[in-house]
Amino acid sequence: MPLPRVADLSLPEKAGQVVFPAVRLPPAPNHEKEGPERLFRWIEGIRPGGFALFGGTVEAVRDLTARAQAASPVPLLVCADFERGCGQQVEGATEFPAFMALGAAGDVDLARRVGLAVGRESRALGVHLDFAPVLDVASEARNPIVDTRALGDDPSRVAALGLAFASGLAGAGVLAAAKHFPGHGSTSVDSHLAVARIEGDFETVHTRDLAPFEAAVEAEIPAILVGHLAFPAVDLDGWLPATLSRRVVTGLLRERMGYRGLVVTDALMMRAIRSAGTEEQAAVRSLAAGCDVALYPEDPAAAARAIVQAVERGDLERSRLDEAVGRVLAAKRAAALDRGAGPTGDAVGLEATGALALEVARRSLTLIGPGEIPSFAPGKGTRFLLVDDDETGIGPRRFEEALRRRDPSATCSPAEGACTREPANVVVLFTAVRGFRGRPVPGERAIAQVRAALSRGRATCIVLGTPFAAIGIQASAPCLVAYGFERPSVEAAIEALYGPVRLKGRSPVRGLPG
């Protein structure tokens with residue numbers, strides 16, 4: 001389907017092109033309120049430029065993206081959070097370990113191969129833009145939202161690995177969107193809940209947080225996602241989200257750093273952005289600041305109307321809107337949507353892609369603390385104590401299922417009431433950052449449970465989550481870090497326990513015991 005020129009579009013059509021709503025399919029949370037029937041109403045009404053996809057099965061996603069493209073008069077740029085691969089959102093697609101596992105493996109070629117595999121699955125699903133790589137630098141152990149989503153705390157390694165991942169996506173025809181500019185890794189607030197401030201003078205922030213984004217600009221990454229992050233060193237209003245700051249988006253990113261690609265806001269439904277006004281005001285102000293896409297407003301039609309009215313009143317320059325629409329259309333051309341925008345094939349969940357995910361998990365396993373991991377033998381009744389800091393039950397359930405296949409004689413007990421039981425051979429901590437939770441991981445209660453269990457005997461500790469947990473655990477025993485409880489990481493950790501396995505991963509964050 002041919003793409004229009006900016007001049008061919010009416011003012012309402014231009015406003016629609018810069019608004020990207022969200023669509024949720026079961027089993028994603030809130031899929032009852034944000035299901036696909038709304039998308040088709042918006043296609044008929046405001047003609048959005050694209051949409052962000054959450055949830056679904058492979059079949060449901062392929063059906064939705066095909067039908068949506070057929071219904072839209074202009075090809076839709078379909079986006080998704082596939083940081084951990086398509087399986088992060090879509091059931092039946094391949095789930096990769098957390099991004100920090102790539103940091104622990106430390107192999108640029110491996111990162112590129114992962115990006116290529118994720119890109120191929122994305123296009124097979126009809127998705128064209130991945131909100132990845134995460135280029136935040138994990139410099140704050142108490143960060144409640146970045147943590148293992150980051151590649152590590154070394155800006156140069158974050159840049160090298162992140163851009164290798166982006167290069168892999170490009171090889172499959174998928175656009176990468178680096179996030180969260182100007183850097184969320186050094187903050188201590190979840191921007192889903194409130195404005196997070198990037199503290200420090202400009203030189204400090206430049207060296208610590210901005211360096212990977214400068215590398216991304218130099219590499220001409222197709223898109224950059226701006227976070228709801230206050231940057232007082234650039235914008236003297238110490239609480240204005242960067243998303244709404246002309247000093248940050250236009251002055252810093254566009255003019256000083258020279259970025260020419262697509263700039264996308266973080267989700268406008270996040271509470272941080274509401275501190276500066278209504279959702280409709282945020283959509284207009286983000287465009288005025290220099291952003292090109294107003295992502296995930298809860299009421300896309302109202303956001304589009306507000307943009308039209310702002311142009312008609314003279315509050316938003318028509319030329320600024322035209323520039324944003326031009327960049328959206330340019331991104332669609334870069335993704336070759338004029339040559340076909342729908343799903344491209346059935347290459348989802350292939351055995352080879354699953355093997356690559358397991359390779360990443362194996363190569364990321366990191367030993368922290370003194371000593372070595374003992375090797376356990378099937379049939380000996382090894383006792384596992386499970387500490388679930390995530391509180392969803394997903395991690396322990398996955399672990400027990402995988403462990404049962406390896407060693408049916410092993411027993412698993414939850415941490416609650418464990419003080420009266422026989423000491424465990426292995427203590428397993430499950431942690432994961434979650435938006436809107438507002439606390440770092442692991443929580444104090446989980447750390448106390450792990451420390452108490454380790455104090456009762458000579459147990460091995462496994463952290464299926466953040467390496468920062470080792471700081472709180474302060475264990476005298478060896479600690480195996482697997483960076484998350486995605487299925488490949490769980491499989492690799494159990495494989496290491498029943499070894500022998502050579503542990504090659506190196507912690508991508510500093511300051512840990514041992």
Worksheet item: Stepwise, does the salt bridge (charged side-chain N to carboxylate O under 4.0 Å, His left out) test hold for Arg62 with Asp346?
Response: CA-CA 9 Å; Arg62 286 172 50 82; Asp346 299 320; 3.4 Å; yes
Set of residues satisfying ring-ring contact (aromatic ring centres under 6.0 Å, His included) with respect to [X], sequence neighbours excluded:
X	value
Phe436	His192
Phe165	Phe99
His184	His180
Phe213	Phe181

With heavy-atom distances below 4.5 Å as the criterion, would you say the side chains of [X] and [Y] are in contact?
X	Y	result
Pro508	Leu151	no
Arg437	Asp390	yes
Thr94	Val348	no
Val293	Leu262	yes
Tyr259	Ile221	yes
Pro442	Phe468	no
Val118	Leu169	yes
Pro21	Arg38	no

Item to complete: Would you check, one step at a time, whether the test side-chain hydrogen bond (donor to acceptor under 3.5 Å, both in side chains) holds for Thr466 with Asp147?
Response: CA-CA 7 Å; Thr466 177; Asp147 198 67; 3.0 Å; yes
Run the side-chain contact (heavy atoms from CB on, under 4.5 Å) test against [X] and tell me which residues pass, sequence neighbours left out.
X	result
Ala341	Gln69, Pro75, His128, Leu337
Ala219	Leu163
Glu83	Asp81, Gln88, Ala132, Val134, Arg149, Lys179
Ala105	Leu110, Arg363

For [Y], is there an ion pair with [X] - N to carboxylate O distance below 4.0 angstrom?
X	Y	answer
Lys33	Glu298	no
Lys14	Asp322	yes
Arg439	Asp389	yes
Arg197	Asp209	no
Asp315	Arg285	no

Not counting sequence neighbours, which residues clear salt bridge (Lys or Arg N to Asp or Glu O under 4.0 Å) with [X]? List them please.
X	answer
Glu13	Arg47
Asp153	Arg510
Asp63	Arg67

Worksheet item: Does the Arg157 side chain pair with the main chain of Gly103, one donor and one acceptor, at a distance under 3.5 Å?
Response: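 Checked: pair present.
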Worksheet item: For the side chain of Thr65 and the backbone of Gly342, is there at least one donor-acceptor N/O pair under 3.5 Å apart?
Response: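 Not a single qualifying donor-acceptor pair exists.
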For a quick test of reading the model, state the closest non-hydrogen atom pair linking [X] to [Y] and the distance between them.
X	Y	value
Ser245	Asp235	OG-OD2, 2.5 Å
Phe96	Ala117	CZ-CB, 4.1 Å
Pro467	Val509	CG-CG2, 3.6 Å
Ala324	Val18	CB-CG1, 3.9 Å
Ala15	Val308	CB-CG2, 3.6 Å
Gly340	Arg123	O-NH2, 3.4 Å

Item to complete: List the steps and the verdict of side-chain contact (heavy atoms from CB on, under 4.5 Å) for Leu129 and Val78.
Response: CA-CA 6 Å; Leu129 187 148; Val78 184; over 6 Å; no
Rounded to the nearest 0.5 Å, how far apart are [atom1] of [X] and [atom2] of [Y]?
X	Y	atom1	atom2	value
Thr278	Asp299	OG1	CG	10.5 Å
Glu121	Thr344	CD	OG1	11.0 Å
Thr204	Leu210	OG1	CG	11.0 Å
Asp136	Asn143	CG	CG	8.0 Å
Gln17	Ile46	CD	CD1	10.0 Å
Leu295	Leu225	CG	CG	6.5 Å

Worksheet item: Is the NZ or CZ atom of Arg24 positioned over Phe54's six-membered ring, under 6.0 angstrom from the centre and within 45° of the axis?
Response: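 Yes, Arg24 lies over the aromatic ring of Phe54.
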Worksheet item: Side chains of Tyr296 and Glu279: do they bring a donor and an acceptor to under 3.5 Å?
Response: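 Glu279 and Tyr296 do not have a side-chain donor-acceptor pair below 3.5 Å.
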Under 3.5 Å donor-acceptor pairs involving side-chain atoms of residues 227-234, not counting sequence neighbours:
| from | atom 1 | to | atom 2 | distance (Å) |
| --- | --- | --- | --- | --- |
| His228 | ND1 | Thr243 | OG1 | 2.6 |
| His228 | NE2 | Ala267 | O | 2.8 |

Worksheet item: After noting the C-alpha distance and the side-chain angles of Val114 and Leu102, does the key distance pass the side-chain contact (heavy atoms from CB on, under 4.5 Å) rule?
Response: CA-CA 9 Å; Val114 171; Leu102 276 176; 4.1 Å; yes
Worksheet item: What do the steps show when you test Glu140 against Arg142 for salt bridge (charged side-chain N to carboxylate O under 4.0 Å, His left out), and what is the final call?
Response: CA-CA 5 Å; Glu140 171 53 62; Arg142 304 293 290 173; 5.9 Å; no
Worksheet item: Which is it for Arg41 and Glu37 under the salt bridge (charged side-chain N to carboxylate O under 4.0 Å, His left out) test, yes or no, and what are the steps along the way?
Response: CA-CA 7 Å; Arg41 291 201 301 270; Glu37 66 283 349; 5.5 Å; no
Item to complete: Dump the intermediate steps for side-chain contact (heavy atoms from CB on, under 4.5 Å) on Thr431 and Leu464, then the final yes or no.
Response: CA-CA 6 Å; Thr431 73; Leu464 291 171; over 6 Å; no
Worksheet item: Can you list the steps and then say if Ser186 with Arg208 is a side-chain hydrogen bond (donor to acceptor under 3.5 Å, both in side chains)?
Response: CA-CA 8 Å; Ser186 63; Arg208 182 188 63 206; 3.2 Å; yes
